[in-house]
Protein chains: 2
Amino acid sequence: MGTKIFIVDDHYMIVEGIRSLLQYQKGIEWMGHAMNAASCLAFLQQEQPEVILMDINLPDMSGIDLCKEVKAKYKGIHIVGLSSFNQQSFIQKMLDNGASGYVLKNATREELVDAIETVMNGKIFLSNEAELTVKKNEDSKTPIITRREKEVLLLIANGLTNNEIAVKLFISITTVETHRKNLLAKFEVKNTASLIRMATQFQLI
Amino acid sequence: MGTKIFIVDDHYMIVEGIRSLLQYQKGIEWMGHAMNAASCLAFLQQEQPEVILMDINLPDMSGIDLCKEVKAKYKGIHIVGLSSFNQQSFIQKMLDNGASGYVLKNATREELVDAIETVMNGKIFLSNEAELTVKKNEDSKTPIITRREKEVLLLIANGLTNNEIAVKLFISITTVETHRKNLLAKFEVKNTASLIRMATQFQLI
DNA sequence: CTCAATATCCTGTTTTCAGGGGATTGATTG
DNA sequence: CAATCAATCCCCTGAAAACAGGATATTGAG
């Protein structure tokens, strides 16, 4: 009997694609698929696969949250993230929430099989490109900003002036200025335009 | 003999998924697939399909450009855009470049078949959701900005001050100020932060 | 408990931006 | 041809943000 796998993805083409790639693969047993988080959880109450391939974008819940929930309830299930994006923040969040690996949607059959085998052996699997991204982003990583700074950043992005922000957050305008100063410093930029640009690139807003 | 279709997409899973969805579909003849723009163009020199399903994200060329090129050389081929994103700007650009339709990657088999039939009849096909997006964005559409304004916008986004922009573009600082004023007016915002935010949302930078 | 991080507040000065006005040139187009 | 628009330039004012120095609670992890 092969490794029991299950897929959660709301894209028919992806589900069919993976089914087609793995259908006659030795050592792999296709248990079915779910199109959303809810029916995935419902399925798991009946049967448990060994590996779940899980999209990070689901209609009812983010794959990141679903990953957390599944790992909390069924510790033995290995989860492989599945996404067309090659973005470090998502990869990291999936891994933080208990995922054992991450495969891009342009993976080959070999890569898929490799991923499933690797996580079954208790190891971490990252797509080649995903691995590169992780490495690349080690240099230019997202600045670590505090909760308050993020609040201020969001309000800046929404076009509020320091004064308006101060009113909204019940703090002094000078405090807002300080947070702003720190944001500029942390992002290593020298004005608002670059700040907002960087922040969007890092997907903070 | 069915409608001859061809697929250009660099995602194995998508290609396999579509193949699986359409393989035994009556009235459709699968001609093959290409993983990039170059091999698509090479294939077209040998044979011409009636409908091409084309990803907007290709490794060597954007689907938007490829669409233009294919339509220029082979006017009779109907092109259906294929993407996981539901973004008005992409849809619009594909249609501007001669595409006959647009299908999201979470389309069902029925939707795919419908799309192919529709474009074969010389009509435009848009995915349900894509149609909604187009409608939604009719209200809040991208401002029309001039070449020069876009240049200035990019430099603002890169963190240059008016002075630096003036030097770089060999124009007076007052001219830069004017362009900036016009940008704020066109985007209907009142400061740089909002301007950059809007510009990124409209994917101008 | 201690220390570092965080959040808060202050006073200045200088630079940059926003918003108001008006004007000229050249290209396009109905 | 007249009208429109893009692109250029100019002046002015006041507001906002950036820069340079501080200082002081609070709190949370080791």
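Throughout, a chain's letter reflects where its sequence line sits, starting with A, and its residues are numbered from 1. Worth knowing before you read on, the calculation uses all heavy atoms, side chains too, and leaves out hydrogens, waters and symmetry mates.
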Does this structure show an ion pair linking B/Arg180 with B/Glu177, if we count only N-O contacts that are shorter than 4.0 Å? no
From NZ of A/Lys190 over to C1' of C/dT16, roughly how many Å is that when rounded to an integer? 10 Å
What string of B, S and - do you get for nucleotides 21-30 of chain C, 5' to 3', when a contact is any protein heavy atom under 4.0 Å? B---------
Exam field: side chain B/Asp10 to backbone B/Asn36, donor-acceptor pair closer than 3.5 Å: no
Just wondering, are more than 12 heavy atoms of other shown residues or ligands nearer than 6.0 Å to NZ in A/Lys186? yes
Is the count of non-hydrogen atoms from other residues, nucleotides or ligands lying under 6.0 Å from B/Lys71 atom NZ greater than 12? yes
Distance check: side-chain N/O of A/Arg148 vs OP1/OP2 of C/dT8, anything under 4.0 Å? yes
Whether the side chain of A/Glu164 engages the backbone of A/Thr161 through a donor-acceptor N/O pair (distance < 3.5 Å, no angle test) should be reported. yes
Does A/Ser172 place a side-chain N or O at less than 4.0 Å from the phosphate oxygens OP1/OP2 of C/dC10? yes
What nucleotide among C/dC10, D/dA18, C/dA18 has an atom nearest to a side-chain atom of A/Asn191? D/dA18
Between P on D/dA17 and CD1 on B/Ile196, what's the gap in Å once rounded to a whole number? 14 Å
Output the single nucleotide from D/dA18, C/dC9, D/dT8 whose closest atom is nearest the side chain of A/Ile171. C/dC9
A/Asp114 (side chain) donor-acceptor with A/Glu117 (main chain) under 3.5 angstrom: no
Distance, rounded to the nearest Å, where B/Asn182 contributes CG and C/dC17 contributes C1': 15 Å
Calculate the interatomic distance between B/His179 atom NE2 and D/dC10 atom P; express it in whole Å. 13 Å
Do B/Glu69 and B/Lys73 sit within salt-bridge range, that is, some charged N less than 4.0 Å from a carboxylate O? yes
So does B/Lys123 get a backbone contact from the side chain of B/Asn121, meaning a donor-acceptor N/O pair under 3.5 Å? no
With distance as the sole test, does B/Asn182 use its side chain to make a donor-acceptor pair with the main-chain N or O of B/Glu149 at under 3.5 Å? no
In whole angstrom, give the distance that lies between atom CG of B/Leu169 and atom P of D/dA7. 12 Å
Would you kindly give the CG-to-P distance between B/Leu184 and D/dA16, to the nearest whole Å? 14 Å
Going by number, which of residues 152-166 of chain A have a non-hydrogen atom under 4.0 Å from DNA chain D? A/Thr161, A/Asn162
Of the nucleotides C/dA18, C/dC10, D/dA17, which has the atom closest to the A/Thr174 side chain? C/dC10
Which part of the nucleic acid, if any, lies within reach of A/Thr146 when heavy atoms closer than 4.0 Å are counted: base, sugar-phosphate only, or nothing? sugar-phosphate
Could you state the CZ-P distance from A/Arg180 to D/dC19, rounded to the nearest angstrom? 11 Å
Atom pair distance, as rounded to whole Å: CD in B/Glu177 and C1' in C/dT16: 9 Å
